[in-house]
Amino acid sequence: QVQLVQSGGGLVQAGGSLRLSCTAAGRAFSNYNKGWFRQAPGKGREFVATISRSGDSTYYSDSVKGRFTVSRDDNENTDYLQMNNLQPEDTAVYLCAASWNTGTLTDPSDYFYWGQGAQVTVSS
């Protein structure tokens with residue numbers, strides 16, 4: 001069993017930055033691929049970014065590419081989502097997730113463990 005605890009989030013003006021953290025407790029963190037999703041009110045869960053278990057491979061949705069960066073620190077059992085140049089359309093609850101599946105994991109059904117979510121609100 002893996003428990004994911006998120007921190008970060010908050011309110012920021014357009015053009016600002018935030019960093020989200022996702023810390024894992026339980027089984028070896030380094031065995032899992034990690035992903036980030038977001039969910040705006042009334043919408044489904046949208047893929048944001050993923051990082052491989054080795055940390056060598058990352059993949060982003062077109063809507064955040066060039067603005068967001070995902071990274072991981074296995075010594076701290078934590079992965080991060082650095083979000084720059086935030087825009088009002090980025091407003092959502094952001095969730096981290098973990099999976100032992102292989103490949104580029106962009107579907108929520110690929111993931112087995114989820115964080116509690118963090119609200120990100122971007123004002124114009």
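In this text the structure is predicted, and so the values were computed from the model without any measurement.
Looking at residues two or more places apart in sequence or on another chain, you find a side-chain contact (heavy atoms from CB on, under 4.5 Å) between K65 and Y60, D62. Remark: S71 pairs with Y80 by the side-chain contact (heavy atoms from CB on, under 4.5 Å) rule, at least two apart or across chains. Residues passing the side-chain contact (heavy atoms from CB on, under 4.5 Å) test with S99, sequence neighbours excluded: N101, L105, Y111, F112. Residues forming a side chain to side chain donor-acceptor pair (under 3.5 Å) with S7 (at least two apart in sequence, or on another chain): none. In terms of the side chain to side chain donor-acceptor pair (under 3.5 Å) criterion, E89 has no residue partners (sequence neighbours excluded). For A98, the side-chain contact (heavy atoms from CB on, under 4.5 Å) partners are L4, Y32, K34, Y113, not counting sequence neighbours.
Taking every heavy atom of both residues into account, A14 and P88 meet most closely at CB-CD, 4.1 Å. For the pair S52 and N33, the tightest heavy-atom approach, listed with the atom from each and the gap, is CA-OD1, 3.1 Å.
Here T69 contributes atom OG1 and N84 contributes atom CG; the two are 6.5 Å apart, rounded to the nearest 0.5 Å. Note that CD of Q6 and CD of Q116 are 5.0 Å apart. Values are rounded to the nearest 0.5 Å. Taking CZ from R72 and OG from S54, the interatomic distance works out to 8.0 Å, rounded to the nearest 0.5 Å.
Counting heavy atoms from C-beta on, the side chains of E46 and P108 never come closer than 4.5 Å. In this structure the side chain of Q119 reaches within 4.5 angstrom of the side chain of T91, judged on heavy atoms. Between M83 and V120 the shortest side-chain heavy-atom distance falls below 4.5 Å. Between T106 and Y59 the shortest side-chain heavy-atom distance falls below 4.5 Å. At a threshold of 4.5 Å between non-hydrogen side-chain atoms, the residues L86 and L18 count as touching.
Sparse packing is recorded around CD of Q3, with 12 or fewer heavy atoms of other residues, nucleotides or ligands lying under 6.0 Å away.
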Subject >> CA sep, side-chain torsions, deciding dist, call: R38, S61, side-chain contact (heavy atoms from CB on, under 4.5 Å) >> reply: CA-CA 11 Å; R38 65 187 182 186; S61 68; 5.5 Å; no
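With respect to V70, the side-chain contact (heavy atoms from CB on, under 4.5 Å) criterion is satisfied by exactly one of V64, L20, I51, T50: I51. Screening L81, D90, L95 for a side-chain contact (heavy atoms from CB on, under 4.5 Å) involving V48 leaves a single residue, L81. Checked against C22 for a side-chain contact (heavy atoms from CB on, under 4.5 Å), the options T78, V5, D79, N77 give a single hit: D79.
Of the possible polar contacts, none joining the Q39 side chain to the A92 backbone as a donor-acceptor pair under 3.5 Å is found.
Judged by the 6.0 Å distance and 45° axis criteria, R53 is not positioned over the aromatic ring of W100.
Aromatic rings of F68 and W36 (six-membered ring for Trp) have centroids beyond the 6.0 Å cut-off, not under it.
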